[in-house]
Student: 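Before anything else, here's the structure in question.
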Amino acid sequence: MIPAMQSAMVPMDSASPALSPDEQEQLERLAASTTAEFRLHQRAEMILRAASGASIREIARQGKLSRNTVRKWLRRYPHRRRENPDKSVSSWLADANRVGRPDTFSEFFWIDVMTLATSLPEDSGRPITHWTQRELADEVVERDWAPSISHTSIGRFLRRCQLKPHQVEGWMNRKEDPKFASHACDVRAQLEEATSGKRIEPNEVTVSFDEKTGIQATERIAPDQPMKPGRPVRQEFEYQRHGTLVLFAMMIITSGELITCTSHNRTNEKTADVLSSMFVELFERGYRRIDVILDQLNTHWSADLVMAIAALCGMPDPIQEGMSNGCERRFWLTSPHHRIVLHFTPKHASWLNPIEIWFGVLAGKVLRRGSFRSTGDLADRIRRFVAYYNRKLSRPYRFGHWTAQG
């Protein structure tokens, strides 16, 4: 800020305005700045040259400006300095406030437009999912709020308010799970135990299981064109569908190794058979206790799975003994006294399941850019990738620290 000038001002039509030391310093800083606005830099040079005794003609020639422009600022600068002595040098050199045409519409009108833009179009009788600028403008006219309004005026208003009806952002809207904290802490404890080396018994294993459903066997109608210097791979956008597959996958947490199986369906019976065969393979490797992390899909606590696990553990069939509902089945499946213990992730929180990370790897390396002639071809490609992954890419799962909140 510049203090009020103590020295007498020169006449406004003079080309030599008097400058205080602070004012001189700030003007020189603006004139030498490489980041200040060019117009401020140019005007600061103009004032400094005038203060050094240069004529209007010389200032105009050196700055490549018109003499009228130089004369205007040599008059405006001392006037602003006198009227607003507490302002900064930059404010004295700034453009004058421009008063444009008054707004055609009142503030109340724009409040109504905002209310309309944030409402559902169906409430206004329009069978669309979201507003566009043109449809908002049309609705304003139909409601007789204005005789006319352009969609660009609506667009400018929406931008000022940061309203973007054309965009949508997903968010998680899960129902409150009263057992969220207990399930999450159980999964956390299991992963910490498996990844920290706390388990002393070598015949115990923790695994992560889930299914990836609806994997499409799509074949592009033309082969890819390989990349060249300066050009990426070119890929045909049109494709043919040859059906879908379900991939059942189990990851051994301590090694990252995968055990997988593909199928055309995911029934209770099929899920129980797949899990049973995977458990048998683990038992054949010498493991005597298996802890399984999986989500609460209904096929993961079906009567078929209860019977299969009871048979593998050499236990009486609890279904025949009167087990009748899902709560009882889940309680039985999570009993720590069994050789096979299930640890369910909270509802709508399967992202706590490590196998989901590997599904992303599979999608990125095989599925997203792959072209498959049939479901058999798709299944074969998945099997070959699993073998390659187990041989080259598998690593022990690393559990990170996190806080479970209910």
Side-chain angles (χ1 to χ4, degrees), residues 1-2 4 12 17 23 26-27 29-31 33-47 60 63-175:
M1 305 300 288
I2 303 300
M12 291 178 60
E23 189 178 0
Q26 291 192 47
L27 286 167
R29 192 180 304 124
L30 273 176
S33 174
T34 58
T35 57
E37 292 184 50
F38 177 72
R39 54 189 170 184
L40 298 182
H41 161 83
Q42 191 177 57
R43 293 164 190 170
E45 284 188 335
M46 197 184 305
I47 301 301
K64 297 181 180 180
L65 300 165
S66 70
R67 279 179 283 180
N68 286 337
T69 299
V70 175
R71 188 175 292 110
K72 176 183 71 175
W73 280 103
L74 293 184
R75 289 175 177 271
R76 180 179 292 179
Y77 181 81
H79 175 73
R80 286 184 173 179
R81 184 176 58 182
R82 183 172 59 252
E83 294 295 324
N84 300 285
D86 294 331
K87 296 290 185 180
S88 65
V89 167
S90 297
S91 68
W92 297 338
L93 296 174
D95 288 340
N97 293 328
R98 291 181 171 85
V99 180
R101 188 179 66 178
D103 197 345
T104 307
F105 306 103
S106 69
E107 293 181 359
F108 298 104
F109 168 83
W110 290 117
I111 290 173
D112 290 338
V113 172
M114 178 181 286
T115 303
L116 178 64
T118 54
S119 67
L120 293 175
E122 292 183 356
D123 296 341
S124 300
R126 294 179 181 259
I128 54 178
T129 58
H130 59 281
W131 289 107
T132 64
Q133 296 177 16
R134 293 183 184 277
E135 283 162 325
L136 281 169
D138 183 61
E139 184 66 24
V140 166
V141 174
E142 280 195 8
R143 294 192 179 204
D144 202 25
W145 292 352
S148 65
I149 186 172
S150 69
H151 69 91
T152 55
S153 297
I154 295 290
R156 284 193 296 270
F157 171 73
L158 294 178
R159 285 191 292 274
R160 286 199 303 270
C161 298
Q162 296 186 346
L163 294 174
K164 302 176 182 180
H166 61 287
Q167 290 187 2
V168 62
E169 183 177 284
W171 66 296
M172 185 173 64
N173 182 21
R174 64 175 178 84
K175 295 180 180 178

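Being a predicted model, the structure only gives us computed values, none of them experimental.
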Student: For residues Trp131 and His166, determine if any side-chain heavy atom of one lies less than 4.5 Å from a side-chain heavy atom of the other.
Tutor: no
Student: Carefully, step by step, assess Glu135 and Thr132 under the rule side chain to side chain contact (heavy atoms under 4.5 Å, CB included).
Tutor: CA-CA 5 Å; Glu135 283 162 325; Thr132 64; 2.8 Å; yes
Student: Between Arg80 and Pro85 (side chain of the first, backbone of the second, donor and acceptor by atom type, cut-off under 3.5 Å), is there such a pair?
Tutor: no
Student: Hey, is the main chain of Lys87 close enough, under 3.5 Å, to the side chain of Ser91 for a donor-acceptor pair?
Tutor: no
Student: So, do Pro165 and Leu158 sit near enough that their side-chain heavy atoms are less than 4.5 Å apart?
Tutor: yes
Student: Is the closest side-chain donor-acceptor distance between Ser88 and Ser90 under 3.5 Å?
Tutor: no
Student: Quick one about Arg143 and Ser124 (side-chain donor to acceptor, distance below 3.5 Å, no hydrogens or angles considered), yes or no?
Tutor: yes
Student: Would you call His79 and Arg76 a side-chain contact if the rule is heavy atoms closer than 4.5 Å?
Tutor: no
Student: Does Asp95 pair with Arg43 as a salt bridge, N-O distance under 4.0 Å?
Tutor: yes
Student: Apply side chain to side chain contact (heavy atoms under 4.5 Å, CB included) to residues Glu23 and Arg81 and explain how you reach the verdict.
Tutor: CA-CA 10 Å; Glu23 189 178 0; Arg81 184 176 58 182; 2.8 Å; yes
Student: Would you call Glu122 and Arg126 a salt bridge, taking side-chain N to carboxylate O under 4.0 Å as the test?
Tutor: no
Student: Is there a side-chain contact between Trp145 and Glu139 (heavy atoms, below 4.5 Å)?
Tutor: no
Student: So do Leu30 and His41 actually touch side chain to side chain, heavy atoms under 4.5 Å?
Tutor: no
Student: Output the distance between atom CD (Glu45) and atom CG (Leu40), rounded to the nearest 0.5 Å.
Tutor: 12.0 Å
Student: Tell me, yes or no, whether the heavy-atom count around Glu142 atom CD, taken from other residues, nucleotides or ligands under 6.0 Å, exceeds 12.
Tutor: yes
Student: As a quick check of understanding, evaluate side chain to side chain contact (heavy atoms under 4.5 Å, CB included) for Asp112 and Val140, giving each step before the final call.
Tutor: CA-CA 9 Å; Asp112 290 338; Val140 166; over 6 Å; no
Student: Hey, mind stepping through Thr152 and Gln133 against side chain to side chain contact (heavy atoms under 4.5 Å, CB included) and telling me if it holds?
Tutor: CA-CA 7 Å; Thr152 55; Gln133 296 177 16; 5.6 Å; no
Student: Would you say the side chain of Ile149 lies within less than 4.5 Å of the side chain of Phe105, judging by non-hydrogen atoms?
Tutor: yes
